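Before any comments, here is the structure.
Just so it is clear, the structure is predicted and the values come from calculations on it, not from any experiment.
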Amino acid sequence: MPIVELKIVEGREPNVKKKLVKDITDVIAENLSVPHDKIRILLYEIPAENWIVGGTPKSSSP
């Protein structure tokens with residue numbers, strides 16, 4: 001049973017996340033020959049102030 005952990009900055013629309021996890025599931029199923037119902041995805045949404053790039057929180061980025 002494949003388990004994928006995906007971390008993204010919070011703030012995306014539910015329909016965008018739904019499409020993302022569907023597409024990832026489809027790719028895993030095809031490439032690993034695993035049934036869709038055996039694939040698990042853990043989607044973590046990180047607040048922008050906790051997503052740091054080069055010492056600067058994403059919440060401070062333009």
Side-chain angles (χ1 to χ4, degrees):
M1 166 177 32
I3 301 172
V4 175
E5 291 190 28
L6 182 61
K7 297 174 180 113
I8 62 173
V9 176
E10 70 180 357
R12 291 179 174 81
E13 296 293 325
N15 61 323
V16 171
K17 294 183 285 187
K18 184 176 180 178
K19 182 180 182 330
L20 175 64
V21 296
K22 183 195 177 309
D23 290 350
I24 290 170
T25 300
D26 290 344
V27 168
I28 292 170
E30 180 180 337
N31 283 277
L32 297 181
S33 300
V34 176
H36 284 76
D37 65 342
K38 298 296 182 191
I39 299 167
R40 306 293 186 258
I41 297 179
L42 305 172
L43 178 61
Y44 299 99
E45 291 187 90
I46 311 300
E49 64 266 13
N50 294 338
W51 193 284
I52 314 302
V53 177
T56 303
K58 290 293 286 180
S59 59
S60 301
S61 300

As an exercise, state the distance from [atom1] of [X] to [atom2] of [Y], rounded to the nearest 0.5 Å.
| X | Y | atom1 | atom2 | answer |
| --- | --- | --- | --- | --- |
| L42 | R40 | CG | CZ | 10.0 Å |
| I46 | I52 | CD1 | CD1 | 11.0 Å |
| K7 | N50 | NZ | CG | 13.0 Å |
| E10 | Y44 | CD | OH | 15.5 Å |
| H36 | I28 | NE2 | CD1 | 9.5 Å |
| K17 | L6 | NZ | CG | 11.0 Å |

task: Answer with yes or no whether the hydrophobic clustering places V4 together with L43; edges join I, L, V, M, F, W, Y residues whose side-chain heavy atoms lie under 4.5 Å apart.
output: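 Yes, V4 and L43 fall within the same hydrophobic cluster.
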- request: State plainly whether one hydrophobic cluster holds both L32 and V27, where clusters connect Ile, Leu, Val, Met, Phe, Trp and Tyr through side-chain heavy atoms under 4.5 angstrom apart.
  value: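 No, no single cluster joins them.
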query: Do I8 and E45 touch side chain to side chain, with heavy atoms closer than 4.5 Å?
result: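 Answer yes - side chains close enough.
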query: What are the two closest heavy atoms between P2 and K38, and how far apart are they?
result: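 The answer is CD-O, 3.7 Å.
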message: For R12 versus V9, what's the shortest heavy-atom pair and its separation?
response: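 Looks like NH1-O, 2.8 Å.
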task: Would you check, one step at a time, whether the test side-chain contact (heavy atoms from CB on, under 4.5 Å) holds for K22 with D26?
output: CA-CA 6 Å; K22 183 195 177 309; D26 290 344; 2.6 Å; yes
